[in-house]
Amino acid sequence: MKFRSDQRATLLDVLTWRRDIRHFRTDPVDEAALARLQAVMDLAPSVGNARPWRVLRVDAPELRAAVRANFTAANARAAAQYSGTQAQKYHKLKLAGLDRAPVQLAVFTETGPVEGHGLGRQTMPETLRQSTAMAIHTLWLAARVENLGLGMVSILEPEGVARLLEVPKTWEFTAWLCLGHPEFDDDTPLLHRAGWQENTPTRWQQR
């Protein structure tokens, strides 16, 4: 299939408007849209077709509250690493949508999948984690096309999340994702608006 210039422009729009969303409306997400997003993850690439991502949809209020407590403790430890102006900026940042996002997904990487039969990861086992990251990015772009927002909560203690959700020992925690309708649309990343850091350009160096 050959793609047209207008389709390339649409892809650029999707990439530009893909944001790490922290501000959500609390109204529910249509289950049909969630089913489409689940199916889209099947299109993500993975090393050796191992498909190591494992996704749990976490709805139980007590589990969400425990993850919120995990975040609060981890955030306090992270904040202590900054001082001066940087510390002030850190405390002003909204770093999670845990309190309002209607859909929350815990994503893990199966570190010993039978799928794929080991192809492509014998010398670089980290490609399993990279495969899960690509599946998350695929979901992120698809959510944007559904006019939904997605945010990744990275300030968590991974082993605590794994214990809380009682997952197999071979599952390594990768990401906690918040999904829902964003409170507002903005093509400027939050960390840009907050003065944390602008993008550094990608350079392809030659050797």
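Residues L119 and V47 form no side-chain contact, since every pair of their non-hydrogen atoms from C-beta on lies 4.5 Å or further apart. When side chains are defined from C-beta on, V167 does not count as touching R54, because their heavy atoms never get closer than 4.5 Å. Looking at heavy atoms from C-beta onward, L148 lies out of side-chain contact with V103 at the 4.5 angstrom threshold. Taking the side chain as every heavy atom from C-beta outward, R64 and D59 approach each other to under 4.5 Å.
More than 12 heavy atoms of other residues, nucleotides or ligands shown are found within 6.0 angstrom of CD on Q7.
Both F173 and F71 belong to a common hydrophobic cluster when Ile, Leu, Val, Met, Phe, Trp and Tyr are linked at side-chain heavy-atom distances under 4.5 angstrom. Linking Ile, Leu, Val, Met, Phe, Trp and Tyr residues whenever their side-chain heavy atoms come within less than 4.5 Å leaves W17 and V29 in two separate clusters. Side-chain heavy atoms closer than 4.5 Å link hydrophobic residues (I, L, V, M, F, W, Y) into clusters, and following such links, even through other members, never connects M134 to V55.
Across every non-hydrogen atom of P113 and P52, the tightest pair is CG-CB, 4.5 Å. The shortest non-hydrogen separation linking F24 to A101 is CD1-CB, 3.8 Å. Considering every non-hydrogen atom in both T127 and M124, the closest pair reads OG1-O, 2.7 Å. Of all heavy-atom pairs spanning S46 and S131, the tightest one is CA-OG, 3.3 Å.
For residues 110-157, no residue pair satisfies the ring-ring contact (aromatic ring centres under 6.0 Å, His included) rule, not counting sequence neighbours. Applying the salt bridge (charged side-chain N to carboxylate O under 4.0 Å, His left out) rule to pairs touching residues 43-52 yields D42-R51, sequence neighbours excluded. For the salt bridge (charged side-chain N to carboxylate O under 4.0 Å, His left out) condition, the pairs that include at least one residue of residues 23-34, sequence neighbours left out, are R25-D27, E31-R57. Pairs engaging residues 120-135 under the salt bridge (charged side-chain N to carboxylate O under 4.0 Å, His left out) rule: R129-E172 [sequence neighbours left out].
When hydrophobic side chains of Ile, Leu, Val, Met, Phe, Trp and Tyr are connected at separations under 4.5 Å, L15 ends up clustered with L11, V14, L141, V145.
Checked against side chain to side chain donor-acceptor pair (under 3.5 Å), T10 has no partners two or more places apart in sequence or in another chain. Contacts of E157 classified as side chain to side chain donor-acceptor pair (under 3.5 Å), with partners at least two apart in sequence or in another chain: none. Legend: residues meeting side chain to side chain contact (heavy atoms under 4.5 Å, CB included) with V67, ordered by chain and number and at least two apart, are L98, L156, L164, W176. Evaluation of the side chain to side chain contact (heavy atoms under 4.5 Å, CB included) rule for A80 yields no partner, not counting sequence neighbours. Residues meeting the side chain to side chain donor-acceptor pair (under 3.5 Å) test with T174, sequence neighbours left out: T109. In this structure T170 satisfies the side chain to side chain donor-acceptor pair (under 3.5 Å) test together with E110, sequence neighbours excluded. Every residue two or more places apart in sequence or in another chain that forms a side chain to side chain contact (heavy atoms under 4.5 Å, CB included) with R203 is listed here: P201.
We find the CH2-OG1 distance between W53 and T138 to be 7.5 Å, quoted to the nearest 0.5 Å. Interatomic distance, OG1 of T132 versus CE of M41, reported as 8.0 Å (0.5 Å rounding). Here CZ of R100 is found 12.5 Å from NE2 of H181. Values are rounded to the nearest 0.5 Å. Rounding to the nearest 0.5 Å places CG of L179 at 6.0 Å from CG of L34. Note: I136 CD1 to M152 CE = 4.5 Å, rounded to the nearest 0.5 Å. We find the CD-CG distance between Q38 and L139 to be 10.0 Å, quoted to the nearest 0.5 Å.
In this pair, F108 and W171 present their aromatic rings tilted. The plane angle is within the 30 to 60° band.
Checking each of V153, I21, L150 against C178 for a side-chain contact (heavy atoms from CB on, under 4.5 Å) leaves exactly one that passes, namely V153.
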